[in-house]
Visitor: 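One structure is given below, represented as structure tokens, and several questions about it will come after.
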There are 2 protein chains.
Amino acid sequence: MQHPELFPKIDRPRRLPDEIAKNISSAIEAGQLKPGDRLPTEQSLSDQFGVARTVVREAISLLKYDGVIQARQGVGAFVTEARQRSAFRISPACFEKRKQLVQLLQLRTGVQADASALAATARTVGQLAGIESFLQEMVSAIAQGDDAVERRVDAEFAFYRAITEASSNDYYVEFIGMIEAKIFENLHSVAVKNAKATEWGTAVLAEHQAVFEAIRAGDTEAARKTTRDHFERAAQRLADRADIADV
Amino acid sequence: MQHPELFPKIDRPRRLPDEIAKNISSAIEAGQLKPGDRLPTEQSLSDQFGVARTVVREAISLLKYDGVIQARQGVGAFVTEARQRSAFRISPACFEKRKQLVQLLQLRTGVQADASALAATARTVGQLAGIESFLQEMVSAIAQGDDAVERRVDAEFAFYRAITEASSNDYYVEFIGMIEAKIFENLHSVAVKNAKATEWGTAVLAEHQAVFEAIRAGDTEAARKTTRDHFERAAQRLADRADIADV
DNA sequence: ATAAAACAGATTGTCAGACAACTGTTTTAT
DNA sequence: ATAAAACAGTTGTCTGACAATCTGTTTTAT
């Protein structure tokens with residue numbers, strides 16, 4: 001990947017159903033449609049939006065999938081209580097405002113720290129070795145200097161992914177993986193830029209090493225704390241640099 | 001709600017698209033379709049499943065929504081890398097095997113504990129009062145004895161929801177709310193049965209009080225620890241009693 | 001001969017209309 | 001008056017067609 005920051009993601013020609021779904025969804029968030037309310041009929045919606053009913057149906061099926069609305073054949077589609085959503089997703093909008101980004105990174109920090117804590121007792125020797133290898137990778141990448149920044153960032157991701165897997169809890173793997181992917185997708189270039197700018201090396205590396213030591217020692221609380229320390233600092237660095245609205 | 005445990009949830013007549021989506025999804029999980037593979041054409045799928053193409057399209061649109069597959073007009077639909085899923089969901093299958101349930105509750109425990117930790121410093125006095133009111137509600141329900149078990153369980157949920165909201169992090173609210181709803185949906189009757197059987201009262205209530213004290217005192221670490229303690233014990237009680245396969 | 005342009009085929013995206021299945025209401029039969 | 005039957009409205013499914021896009025091939029221009 002070369003110069004990823006030069007060609008930022010473009011808005012692909014959006015699919016109609018996604019567009020419709022977003023429209024309805026934001027109408028619900030805005031309170032124009034409250035829980036319990038009935039949606040207009042599919043026919044009416046397809047008229048209003050000027051699209052075929054199949055498109056409206058796909059849109060609605062997405063919202064049903066997330067538990068935002070519920071449809072009863074012969075009756076209609078209704079907005080469900082806000083409580084019973086059945087999926088957790090991170091929209092691109094989360095990366096637009098600093099406050100949201102900070103909150104997201106806060107959640108990630110906490111979960112990741114827990115994963116480390118679990119890994120401290122659950123990890124096998126094989127997994128420990130795998131984790132250590134990524135630490136070595138980071139050391140070597142740092143020694144190589146600026147040319148290997150990408151490699152270093154990748155190793156960092158891999159390091160914590162290996163730790164997460166060592167927690168032997170599939171939900172942690174899945175959840176962190178999802179958040180990770182979204183952060184990667186939206187902030188990777190920032191992370192790399194950041195890594196280049198930071199007096200890379202000793203300071204940050206020491207944070208990782210502390211995490212590793214805690215996991216090797218099987219010290220649950222230390223693993224949690226060291227991981228939390230690192231990610232809080234990383235979040236700080238990221239949020240400071242990410243060029244987003246300060247709201 | 002009367003005797004909810006007497007009429008357990010029935011299998012609603014499933015919609016075709018959901019069924020198809022599940023089929024394809026499990027084919028991917030089973031490894032029959034690997035990342036990068038191309039799905040059969042919509043025409044072919046509709047032939048194989050014996051349904052209309054619109055149904056197949058709705059199914060595929062769900063999988064696209066979760067980032068499991070990606071479609072390119074004129075080319076086909078492809079299975080994406082496992083990394084870049086864009087939603088975290090809890091399927092009913094999670095409650096079928098004890099191991100999975102334990103892992104899920106473990107995740108919940110960790111996140112909830114973090115939320116408490118945040119609430120310890122972020123809560124306003126108003127929020128603190130709200131939290132305390134639910135504690136009072138529990139006390140009064142316990143005093144009332146077995147008749148008020150439902151009320152007590154509800155208050156318990158509300159207590160921790162209030163704490164989560166006091167974390168002033170929307171993602172915690174959303175995420176925990178989602179997990180909560182799923183647990184409620186699948187294990188509420190067990191939780192109630194459990195509450196009835198437990199020597200309700202002093203022991204469990206003391207756990208909640210410890211959490212509240214920590215939050216009142218603004219002690220981050222104590223809030224995390226006490227919350228973790230309670231939920232670990234609760235998970236223990238729940239998993240012991242939940243009548244599910246021991247795998 | 002080589003490169004550009006046009007073409008053909010396949011596949012997803014959208015459209016239009018019809019009927020089936022279900023629900024709540026109204027009308028009818030007893 | 002009560003129960004059964006007809007009715008109208010809505011979601012669920014089916015069918016067939018066309019539009020938009022991509023890939024690979026063939027034709028054409030130079």
Side-chain angles (χ1 to χ4, degrees), chain A residues 9-25 27-28 33-81 84 86, chain B residues 9-25 27-28 33-81 84 86:
Chain A
K9 57 181 180 297
I10 61 170
D11 269 13
R12 315 194 128 210
R14 286 200 180 148
R15 315 286 193 260
L16 256 16
D18 296 21
E19 209 69 35
I20 307 286
K22 199 164 189 176
N23 264 275
I24 298 176
S25 184
I28 292 174
L33 284 167
K34 293 168 192 168
D37 284 359
R38 206 187 98 176
L39 263 67
T41 66
E42 294 176 351
Q43 188 59 55
S44 160
L45 286 172
S46 80
D47 290 346
Q48 288 181 44
F49 286 112
V51 299
R53 190 160 81 95
T54 51
V55 172
V56 171
R57 278 193 61 75
E58 269 192 40
I60 289 182
S61 94
L62 296 184
L63 298 179
K64 280 192 295 190
Y65 194 38
D66 272 6
V68 175
I69 73 177
Q70 203 165 358
R72 282 176 21 193
Q73 185 167 351
V75 185
F78 301 83
V79 180
T80 58
E81 293 299 323
Q84 55 196 55
S86 60
Chain B
K9 58 181 180 298
I10 61 170
D11 269 12
R12 314 192 132 208
R14 288 202 179 143
R15 315 290 192 249
L16 256 15
D18 295 23
E19 208 70 36
I20 307 286
K22 198 164 189 176
N23 264 275
I24 298 176
S25 184
I28 291 174
L33 284 168
K34 293 168 192 168
D37 284 0
R38 206 187 95 177
L39 263 67
T41 67
E42 293 175 351
Q43 188 58 55
S44 161
L45 285 172
S46 81
D47 289 346
Q48 288 181 44
F49 285 112
V51 300
R53 190 161 82 97
T54 51
V55 172
V56 172
R57 278 192 61 76
E58 268 193 40
I60 288 182
S61 94
L62 296 184
L63 298 179
K64 280 191 295 189
Y65 194 37
D66 273 5
V68 174
I69 72 177
Q70 203 165 359
R72 281 172 34 194
Q73 185 167 350
V75 184
F78 300 83
V79 180
T80 58
E81 294 298 324
Q84 57 195 57
S86 60

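If you're wondering where the values come from, they're calculated on a predicted model, not measured in any experiment. Quick note on labels: first sequence line is chain A, next is B, and so on, each numbered from 1.
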Visitor: Tell me: CG of A/D47 to C1' of C/dA16, nearest whole Å?
Guide: 12 Å
Visitor: With Watson-Crick and G-U wobble geometry limited to distances under 3.5 Å, how should the secondary structure of DNA chain D be encoded in dot-bracket form, using | for bases paired to another strand and [ ] for crossing pairs?
Guide: ||||||||||||||||||||||||||||||
Visitor: Which pairs of donor and acceptor atoms, one on a side chain in residues 50-62 of chain B, lie under 3.5 Å apart (sequence neighbours left out)?
Guide:
unit_1 : atom_1 : unit_2 : atom_2 : d
B/R53  : NH1    : B/E42  : OE1    : 2.3
B/R57  : NE     : A/E58  : OE2    : 3.3
B/R57  : NH1    : B/E42  : OE1    : 3.4
B/R57  : NH1    : B/E42  : OE2    : 2.9
B/E58  : OE2    : A/R57  : NE     : 3.2
B/S61  : OG     : B/E58  : O      : 3.0

Visitor: Nearest whole Å is fine: how far is D/dT21 P from B/F78 CZ?
Guide: 17 Å
Visitor: What residues form a salt bridge (charged side-chain N to carboxylate O under 4.0 Å, His left out) with B/E19, not counting sequence neighbours?
Guide: B/R14
Visitor: Suppose we screen for side chain to side chain donor-acceptor pair (under 3.5 Å). Which residues come up paired with A/D66, at least two apart in sequence or across chains?
Guide: A/R89, B/Y65, B/R89
Visitor: In Å, rounded to the nearest 0.5 Å, how long is the span from CD1 of B/I28 to OG1 of B/T80?
Guide: 7.5 Å
Visitor: Where do B/A71 and B/K64 come nearest, in terms of heavy atoms and distance?
Guide: CB-CD, 3.8 Å
Visitor: Whole-Å distance between D/dT13 P and B/E19 CD?
Guide: 11 Å
Visitor: How would nucleotides 7-14 of chain C be written as a contact map, 5' to 3', with B for base contact, S for sugar-phosphate-only contact and - for no contact, using protein heavy atoms under 4.0 Å?
Guide: ---BBBBB
Visitor: For the side chain of B/D37 and the backbone of B/K34, is there at least one donor-acceptor N/O pair under 3.5 Å apart?
Guide: yes
Visitor: Considering only heavy atoms from C-beta outward, does the side chain of B/I69 approach that of B/L33 to under 4.5 Å?
Guide: no
Visitor: Could you list the residues that satisfy side chain to side chain donor-acceptor pair (under 3.5 Å) with B/S44, not counting sequence neighbours?
Guide: B/Q48
